[in-house]
Every structure is written in C-alpha cells, then in structure tokens.
**Q** 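Supplied in structure tokens, the structure appears directly below.
Chain letters run A, B, ... following the sequence lines, proteins first and then strands; every chain starts at 1.
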Amino acid sequence: MSTIRVYNTLSKTKEEFQPVVPGKVGIYLCGPTVYAESHMGHMVGPVIFDTVKRYLSFNGYDVNFVVNITDVDDKLIKKSVERGISMEEVAKENIADYLHNLSHLGVDQISEMPKATEHMGNIIAFIESLVEKGFAYESEGDVYFEVGKDNEYGKLTNRSVESSQGEGGQMSARKRATNDFALWKIAKEGEPSWKSPWSEGRPGWHIECSAMSKAILGETFDIHGGGLDLTFPHHENEIAQSECCHGSPMAKYWMHNGLLRADNTAGKLGGKSDRENESETAEEAASGKMSRSKGAGGLAELIERQGGENIRFFLLRTHYRSTILFSEPAIEEAATGLETFHRLFERYERITGESFFDIVPNALRTDGDIDAGDDELLVAVKKHRDAYLEKMDDDFNTGGGVSELFELVRVVNKSIDANKLEENKDADLTALKQAIATIRELSAILGIFTNAPESAAGQDSQLVDQLMQLVIDIRANARANKDFATSDLIRDRLGELSITLEDRKGETGWRIE
RNA sequence: GGCGCCGUGGCCAAGUGGCUAAGGCAGCGGAUUGCAAAUCCGCCAUCGUGAGUUCGAAUCUCACCGGCGCCUCCA
C-alpha cells in the first residue's frame, strides 16, 4: 500500500496517513445548519471529502464517511417563527435542497447523515459525562463547558484560554467565564425542547458533533473535516468536549478546506462582509439568496445553468486548501477544458463502437497497474498515471492530478492520429482501450465523467438527428460538386445556431455548443 | 491588538531546496483541411520587492509592499 500524506491542521504539517484501525477509515465532516437554502460554499467540503473517500477507497481502505446535519439551532427557531411553520418543516425543506444539490455535484459517497434531533439521547449523555467529570457546570437550566478546566484548550488554533474571548464580550450572567460555551440551553416559552436532567431545552452548537461522531465513529476516529472557518470556535470546542470526556484524541487528522470567495465582492460567500451590505437582509446574505440579489440566482439554478459536473471539476481543479474565487465565467472556463475530454470520448466511441461511460472503473489502485512493454502509448499512459497517483498521494493534490489527465488526453489523441485509428478499421485497439480505461479509472476518483452527458438536443434528439443528417447530406452533395459557397453557407448558418460541423474522413460530425 | 494564510506567464493554477518552472483558458506560428472545426507540433513566466542563508532557492530566514481569513453565527 502506498503512502498517502495528509496535511493536519493540528500539527500544521503533512503527516503520513495511518488509520487508527488498519484498513479502516472514519471521516466526520461538519455539514450544514439547515435554516436556509444551501449556497455554493456548502458544497466545497462535501465535494472534497467525497473525493478523499474515493481516493482512500481506491487505495484499499474501507471508509465510513459521516456528514452531520444541524437541525436544531437558534436560526432554525427564528426561521420557523417568521414563517409560521415548525422547525422540522424548515429543516426538512432545506435538507431536501441540500441533498438535491449534492447529488447534482456527484457527491454520492456519504455513508451516513446523522441529525442532531435524532441523537438527543447521546447528546444528553455526553453532557452528563462532562458534568460528572467536572468539565461542565449547570447554571439556571443551562449547562456550560468550563474552558478554564481544559489545559489543552486552544491547541488546534494556537490560542491561549485568555485570548479566546467567547461570545463577543456579551457575557451571560449564567456563565463563569466569557469563553465558557453552552452545551445545553434552557428553552424559552414556545421553543422546541427536549427533556434533560437540567431543563427542557436544546443542545448548544458544538456538542452534537462530539456526541454523534462518538456514537458512529468512536472516541478516536481518523479524519475530521470542515471549512477553514470552523476551526474556531467550533472545532476547538469539539476537541475540548471530546478529549476532556474521553481522555483520548478526538481525531487523528484535522483537514480543513479553503473557503470560497465571491468574485468582485468583499468577503466570502454568505459571510459577514456580505451581511454588512445594507441592501440585503441577513437571512438573504446567509442563505444564498444573497447571490440571487447580485444576479447569480440560487444554487439549484446555478447548477442547472452551469452543470454539476462542470462545477465539481471547477472546484477540484484547485487544491482543497486554497481559497477559490468563485464566479460563473470561471466555471465556464473550466468547462471549456472539459469539452476536450468529451470530444475524445466521442472519438473513442467512433473507433471502437464502445462507450467510455460503459467502462467500469478499476475499484483498486493495484487493478490498474500497466504493463507497458515497449508500446509507446502505454509507456506514456503509465508515466502519467504514476504521476497522477503521486500527486494524489501528496495531500490529495487534485489540481496536479487534473493536469495529468489532460496529458493523458493528449497522448491518446496523438496516438490515434499517428496510427490513423479512425481510418484503419483493422488496427489493433488493445493499447487504446487500456489508455481510455486508465482515463476512466483516474477521472472516477475525482467523481467526474461518471455518467454520459445528456444529449444537447434534449428530448427532440431523434428528430434533430434526422434533420441534421438531412442538412449534412445536402451539404455533402454541394461539396462533392465543389459548390463551396453553398456548403460554407450551411456551415455558417448552423454556426449561428451554435452548431459546429466537423468534416472528418468520409463523414461529417456535428455538435451543439 | 492576537493567531494564521496567500502573492508563479494576459487570466486560472501545480510545484515549496537541485533534471529544460506541470496543466488549463486565451493568443500567435505550423501540420492537417477546398476553407473551417477537431486533433497534433511549436512559441509565450525566473516565480510581489529588497537583503540574507546555501555549492545551489519560486521553494529556507528577515524586512517591506499588496491581498485575505479567523478571533462573533458561518462549509
């Protein structure tokens, strides 16, 4: 098994990946608080860790990938009051939206999505244990974690107990110190609540992750992920709760993805800076409606417009720890590059009669080893496959991997040209097939090209096919008669309809841009 | 104020001590084509600035300039 290296926020270095239990990996990713529609920023973590899981699975690990849903929280309550519907209704709607968006971005590796409201027993038991051990105290129905009792507090984000201010100086009289944080909050009149030893109330924000990760992945699991903005206070507090409770590390590796920034605007998507814009309400800013007011539309519409695969590729083109400047022109640019792949896949199908999308990707790294011999194409394919894997081994460098994928396309096209595979019907296609299978294998790790694209002609595709054949036949006739004025007119007019013709040996192909 | 990140060709973006600084988009030249499209070949950067460490730095150190994040809910 090759060595995978992971950047650990805890140590601020890349470390060799060694799971707690050999062969098995537990990943916990902080998911959304579902008080509003998801925005682009909510998709980054899932896409990245979905890819991480794919790669670890490819390397032979059995991966359990958990993404939690926070479905009880102040903002959900506020929203339910505003809309006059229950908190569950609010959550249900936004979970549906979230799942819809994830599936369109090809995120299908999540093993389990626990909800806070479904783990109330575990949450309460966790808090009880912290109170018993003296790390938490009850105060007028609330329960707080006492930060001063944890002498390791601050180790993730490198800050001292003194410097962690807590709730912006607005210290509740119920707390002993400003940086103590709530594990349990007593309910006000009419708020949703659960019975507990302290009060009818609800959990604080951080505790659900400690309780649920323990319940599903155990006291110490392998990878804890989330956006960079969650390091403090959320992850710092999770560590405090879990490690004080268990006396052992919560997670071996803490991985944080970089944040998205909306292009030409201050601040990140849905973030503080946007909310400071007075032309938008706070809820709009936080929900992704923010971007709608800037003319970009909601996330579901954005995905519809740009294509989930294009967006996924756009995100994976850059290293996961980098900040990404997000804009539609940038996605479109990435999508242009992706077309090169689709053209090769079509070319492959014309030559072999087989669809790229019917190839079953290798499940394991060892399955795809190439015995290149002295085959020029396979030697090149092997070289770029090795380079791809080497880059992915190094902290999941998907951007570097993408470049090798482009190289593979180049060497395959070159080989097809050189060996005239499109003209020569008796050519040996063994190497070509293996090369394409390698592209299938490596792109599947990134979760792209998983399904054949829908026909650009949509539902009328059969009729369009027939009409196009008609036009192409007429044009072929004109060309045969050297009537290039007519043939060029046809091509130009089709061009105006965004249809491009490609004259190949003996036939003419077309596609809709 | 505290903690931290970033600055690579026109744009996006890998690389973080040593072969000719990946790849994509755009552009230019060539092969191919009736002309195109597609494909292939070639061209296009010395790595924010300055100093230092080193046989050797885009990669390490320091200073400066510029951009950004967290410290309050946030993927």
**Q** Is A:K420 salt-bridged to A:E423, cutoff N-O under 4.0 Å?
**A** no

**Q** Figure out the CD1/P separation between A:I331 and B:rC25, and round it to whole Å.
**A** 17 Å

**Q** Report yes if a side-chain nitrogen or oxygen of A:N413 is closer than 4.0 Å to either non-bridging phosphate oxygen (OP1 or OP2) of B:rA38; otherwise report no.
**A** no

**Q** What is the nucleic acid contact for A:L228, judged by heavy atoms within less than 4.0 Å: base, sugar-phosphate only, or nothing?
**A** nothing

**Q** Is A:R504 touching bases, backbone alone, or none of the nucleic acid, heavy atoms closer than 4.0 Å?
**A** nothing

**Q** B:rC35 base to A:R491 side chain: any donor-acceptor pair below 3.5 Å?
**A** yes

**Q** Which sits closer to the 5' end of RNA chain B, A:R475 or A:V44, going by the nucleotide each is nearest to?
**A** A:R475

**Q** Tell me which nucleotide, if any, is Watson-Crick or G-U wobble paired with B:rG17 when both distances must be under 3.5 Å.
**A** none

**Q** Looking at every strand, decide which applies to A:R5 at a 4.0 Å heavy-atom threshold: base, sugar-phosphate, or nothing.
**A** nothing

**Q** Determine, for A:R312 against A:E309, whether the closest basic-nitrogen to carboxylate-oxygen distance falls under 4.0 angstrom.
**A** no

**Q** Output the rounded distance in Å from OH (A:Y388) to P (B:rG23).
**A** 17 Å

**Q** To the side chain of A:R343, which of B:rA75, B:rG34, B:rU39 is closest?
**A** B:rU39

**Q** Strictly below 4.0 Å: does A:K414 bring a side-chain N or O up to OP1 or OP2 of B:rC41?
**A** yes

**Q** Would you mind telling me which of B:rG23, B:rC12, B:rC40 lies closest to the side-chain atoms of A:R410?
**A** B:rC40

**Q** If we call it a pair only when both distances are under 3.5 Å in a Watson-Crick or G-U wobble match, what pairs with B:rA26?
**A** none

**Q** So if I take every side-chain heavy atom of A:S487 and compare against B:rA22, B:rG34, B:rU39, which nucleotide ends up nearest?
**A** B:rG34

**Q** Go ahead and name the base partner of B:rA31; Watson-Crick or wobble counts if both distances stay under 3.5 Å, otherwise write none.
**A** B:rU39

**Q** Look at A:T231 and B:rC71 and indicate whether a side-chain polar atom (N or O) is within less than 4.0 Å of OP1 or OP2.
**A** no

**Q** Between the base of B:rC35 and the side chain of A:D503, is there a donor and acceptor pair under 3.5 angstrom?
**A** yes

**Q** The side chain of A:E404 is closest to which nucleotide in this list: B:rA22, B:rA38, B:rG4?
**A** B:rA22

**Q** Using a cut-off of 4.0 Å on non-hydrogen atoms, how would the nucleic acid contact of A:R511 be classed: base, sugar-phosphate, or nothing?
**A** sugar-phosphate

**Q** For A:N419 and B:rC40, give me the distance from atom CG to atom P, rounded to whole Å.
**A** 14 Å

**Q** Would you indicate which nucleotide in B:rA37, B:rG15, B:rG34 comes nearest to any side-chain atom of A:E502?
**A** B:rA37

**Q** Could you measure between the two C1' atoms, the one in B:rA31 and the one in B:rG56, and give it in whole Å?
**A** 41 Å

**Q** Rounded to whole angstroms, how far apart are CD1 on A:I512 and P on B:rA37?
**A** 20 Å

**Q** How would you label the contact of A:H234 with the nucleic acid (heavy atoms, under 4.0 Å): base, sugar-phosphate, or nothing?
**A** nothing

**Q** Of the options B:rC40, B:rA14, B:rA75, whose atoms approach the side-chain atoms of A:C30 most closely?
**A** B:rA75

**Q** In terms of relative ring orientation, are A:H104 and A:H100 parallel, tilted or perpendicular, with 30° and 60° separating the classes?
**A** tilted

**Q** I need the CZ-P distance between A:F232 and B:rA75, as an integer number of Å.
**A** 16 Å

**Q** Do A:E333 and B:rG24 have a side chain to base donor-acceptor pair shorter than 3.5 Å?
**A** yes

**Q** Rounded to whole Å, please give me the gap between CZ in A:F313 and C1' in B:rG24.
**A** 7 Å

**Q** At under 4.0 Å between heavy atoms, what does A:G226 touch on the DNA or RNA strands: base, sugar-phosphate, or nothing?
**A** sugar-phosphate

**Q** With a 3.5 Å limit on both atom pairs, tell me what B:rA63 is paired to, counting Watson-Crick and G-U wobble, or say none.
**A** B:rU49

**Q** Between A:R347 and A:E502, is there a side-chain N and carboxylate O pair less than 4.0 Å apart?
**A** no

**Q** Should the side chain of A:R479 and the base of B:rG34 be counted as holding a donor-acceptor pair, with the cut-off at 3.5 Å?
**A** yes

**Q** On the six-membered ring of A:F65, is A:K53 placed so that its NZ or CZ lies under 6.0 angstrom from the centre and within 45° of the ring axis?
**A** no

**Q** Nearest nucleotide by nearest heavy atom, which residue falls closer to the 5' end of RNA chain B, A:Y7 or A:L501?
**A** A:Y7

**Q** Quote, to the nearest angstrom, the P distance that separates B:rC3 from B:rG52.
**A** 29 Å

**Q** Within the structure shown, what part of the strands sits under 4.0 Å from A:S322 by heavy-atom distance: base, sugar-phosphate, or nothing?
**A** sugar-phosphate

**Q** Please report the distance, rounded to the nearest Å, between OH in A:Y28 and P in B:rA75.
**A** 12 Å

**Q** Give a yes or no on whether a salt bridge exists between A:D395 and A:K14, defined as a side-chain N under 4.0 angstrom from a carboxylate O.
**A** no

**Q** Taking the six-membered ring of A:F449 (Phe, Tyr or Trp), confirm whether the NZ or CZ of A:R440 is under 6.0 Å from its centre and within 45° of its axis.
**A** no

**Q** Which of the following nucleotides, B:rA75, B:rC71, B:rG15, is nearest to the side chain of A:R159?
**A** B:rC71

**Q** What nucleotide, of B:rG4, B:rG34, B:rA22, holds the atom closest to the side chain of A:K391?
**A** B:rA22

**Q** Can you label the angle between the A:F181 ring and the A:H206 ring as parallel, tilted or perpendicular, going by 30° and 60°?
**A** perpendicular

**Q** Taking donor-acceptor contacts at under 3.5 Å, does the side chain of A:N158 reach the base of B:rG4?
**A** no

**Q** With both distances under 3.5 Å as the test, what is the Watson-Crick or G-U wobble partner of B:rG4?
**A** B:rC68

**Q** When the C1' atoms of B:rA58 and B:rU49 are considered, how many whole Å apart are they?
**A** 14 Å

**Q** Determine the contact category for A:G31: base if any of its heavy atoms lies under 4.0 Å from a base atom, sugar-phosphate if only primed atoms, P, OP1 or OP2 are that close, otherwise nothing.
**A** sugar-phosphate

**Q** Using purine N1 to pyrimidine N3 plus N6-O4 or O6-N4 for Watson-Crick, or N1-O2 and O6-N3 for G-U wobble, both under 3.5 Å, which nucleotide pairs with B:rA57?
**A** none

**Q** Taking only side-chain nitrogens and oxygens of A:R347, does any of them come within less than 4.0 Å of OP1 or OP2 of B:rA38?
**A** no

**Q** If I take atom CZ in residue A:F406 and atom P in nucleotide B:rC40, what distance separates them, rounded to the nearest angstrom?
**A** 11 Å

**Q** Taking the basic N atoms (NZ, or NE/NH1/NH2) and the acidic carboxylate oxygens, is any pair closer than 4.0 Å for A:R475 and A:D503?
**A** yes

